[in-house]
Amino acid sequence: MTGDSGTVREDGVAEDLLSVAERVRRSLEGSSAGERLVARVLLANYPAAGLETASRLAERAGVSAPTVVRFTARLGFQGYRAFQQSLRDELEARRASPLTLSQQIGDAGNSLRVSAGAAFRQRLDETFAALADSELDAVLGLLADPGRRVALIGGRYSHILAEYLDLHLRLLRPGTRVLDPRPESLAAFCVDIGRRDVVVVFDYRRYQRDIVEFARRAHDRGAKIVLFTDPWLSPAADVADIVIPARVEAPSPFDSLVPALALVETVVAGVMARLGEAGEERLRQCDDIVGDVTVG
């Protein structure tokens with residue numbers, strides 16, 4: 001693959017919409033042993049490791065410099081310099097804040113209604129074009145498994161997504177909860193966590209240290225980690241079993257949750273389909289109880 005605009009990978013993902021981090025993460029399957037070493041070093045210290053010389057990165061990974069160069073070429077870059085420039089661009093995007101983004105807004109040729117509608121449609125298209133069917137199937141497999149407990153957590157704004165997904169999941173299956181973000185509550189949860197637990201984490205740029213550290217602890221105790229994040233990937237991606245990125249650029253200084261919400265609703269639809277009659281019966285019983293309460 002070349003990474004040129006319009007290139008589509010074998011898994012159906014539009015490669016030019018993937019961040020460097022996502023390309024590296026997806027490269028793990030099917031890579032040579034040496035390339036996997038390079039990928040893991042990059043992900044463990046991302047993006048700093050990739051901003052070093054090819055020789056230094058090779059030394060860190062215990063491989064040759066040509067292996068590093070071949071690896072970046074396989075990611076779709078025309079040389080190591082192009083790879084590093086993409087990393088620098090990502091680093092700038094990761095550090096974006098409402099104050100810096102406010103200077104990028106404006107479309108003098110259209111009304112806000114037209115320009116905002118176009119922006120949201122574009123971000124939705126890009127988000128779903130970059131979503132791999134295999135990743136989505138893996139998420140559905142975990143969340144539709146009634147033998148697993150599901151815990152959800154989000155950051156300052158993204159906790160809304162965690163609560164929204166939980167509100168739907170609990171109608172379809174037992175054993176789901178939104179975690180209390182207070183340190184003592186997370187500590188108590190970590191004590192009890194095990195290999196049958198799934199932790200769904202929402203973390204977007206200006207990533208929260210406490211959310212990332214919690215994800216790492218949960219991973220270390222054996223939980224499966226599902227991460228919803230942006231294209232530049234939260235640092236929690238290095239311990240995530242499944243990563244679901246969404247575009248976040250918006251026609252305002254604040255990142256948008258619209259594409260992420262669309263992904264959440266897609267997951268809800270998929271879980272409902274996977275659970276079939278069992279999910280419908282639980283939903284029916286919940287609806288009957290709610291109906292009794294509201295009528296009474």
Phe128 reachable from Val271 in the ILVMFWY side-chain graph, under 4.5 Å edges: yes
Counterpart residues, side chain to side chain donor-acceptor pair (under 3.5 Å), relative to Arg221 (two or more places apart): none
Going by side-chain contact (heavy atoms from CB on, under 4.5 Å), name the residues that satisfy it together with Arg182, two or more places apart in sequence or in a different chain. Asp180, Glu184, Ser185
In terms of side-chain geometry, is the basic nitrogen of Asp145 or Arg274 positioned less than 4.0 Å from the acidic oxygen of its partner? no
Can a side-chain donor-acceptor contact be found between Ser31 and Arg74 if the only test is distance below 3.5 angstrom? yes
Salt-bridge criterion met for Arg205 and Asp255 (N-O under 4.0 Å): yes
Beyond-backbone contact of Phe214 with Cys190, side-chain heavy atoms, under 4.5 angstrom: yes
Taking the basic N atoms (NZ, or NE/NH1/NH2) and the acidic carboxylate oxygens, is any pair closer than 4.0 Å for Arg70 and Glu35? no
Are any side-chain N or O atoms of His168 and backbone N or O atoms of Val268, one a donor and one an acceptor, separated by less than 3.5 Å? no
Would Gln85 and Tyr80 satisfy side-chain hydrogen bond (donor to acceptor under 3.5 Å, both in side chains), going step by step from the backbone distance to the final call? CA-CA 9 Å; Gln85 185 57 54; Tyr80 195 70; over 6 Å; no
Counting C-beta onward and ignoring hydrogens, is there a side-chain heavy-atom pair between Leu42 and Phe71 closer than 4.5 Å? yes
CZ of Arg196: more than 12 outside heavy atoms within 6.0 angstrom? yes
Between Asp203 and Thr229, is a side-chain hydrogen bond (donor to acceptor under 3.5 Å, both in side chains) present by the stated rule, with each step listed? CA-CA 5 Å; Asp203 191 36; Thr229 186; 5.8 Å; no
CD of Gln84 to CG of Leu57: how many Å apart, nearest 0.5 Å? 9.0 Å
Can you list everything that forms a side-chain contact (heavy atoms from CB on, under 4.5 Å) with Ala151? Sequence neighbours excluded, please. Arg177, Leu179, Phe189
Are Leu152 and Leu257 connected into the same hydrophobic cluster when the rule is that any two of I, L, V, M, F, W, Y join if their side-chain heavy atoms are below 4.5 Å apart? yes
So, taking the atom named OG in Ser19 and the one named CG in Asp230, what distance separates them when rounded to the nearest 0.5 Å? 8.0 Å
Kindly write out the residues that satisfy side chain to side chain donor-acceptor pair (under 3.5 Å) with Glu163, not counting sequence neighbours, or none if the list is empty. none
Hey, what do you get for OH (Tyr164) to CD (Glu265), rounding to the nearest 0.5 Å? 3.5 Å
Looking at residues at least two apart in the chain, or sitting in another chain, which of them share a side-chain contact (heavy atoms from CB on, under 4.5 Å) with Pro146? none
Would you call Val114 and Ser111 a side-chain contact if the rule is heavy atoms closer than 4.5 Å? yes
Whether the Arg56 and Thr53 side chains hold a donor-acceptor pair (N or O, under 3.5 Å, no angle test) is what I'd like checked. no
Applying side-chain contact (heavy atoms from CB on, under 4.5 Å), name anything that partners Arg25, two or more places apart in sequence or on another chain. Glu22, Leu43, Glu135, Val243
Just so I know, are the side chains of Phe202 and Ile153 near enough to count as touching, which here means a heavy-atom distance under 4.5 Å? no
Going only through I, L, V, M, F, W and Y residues with side-chain contacts under 4.5 Å, is there a path from Leu75 to Leu233? no
For Phe120, does the six-membered ring have the charged nitrogen or CZ of Arg247 within the cation-pi criterion, i.e. under 6.0 angstrom from the centroid and within 45° of the normal? no
Tyr46 side chain vs Ala21 backbone, donor-acceptor pair below 3.5 Å: yes
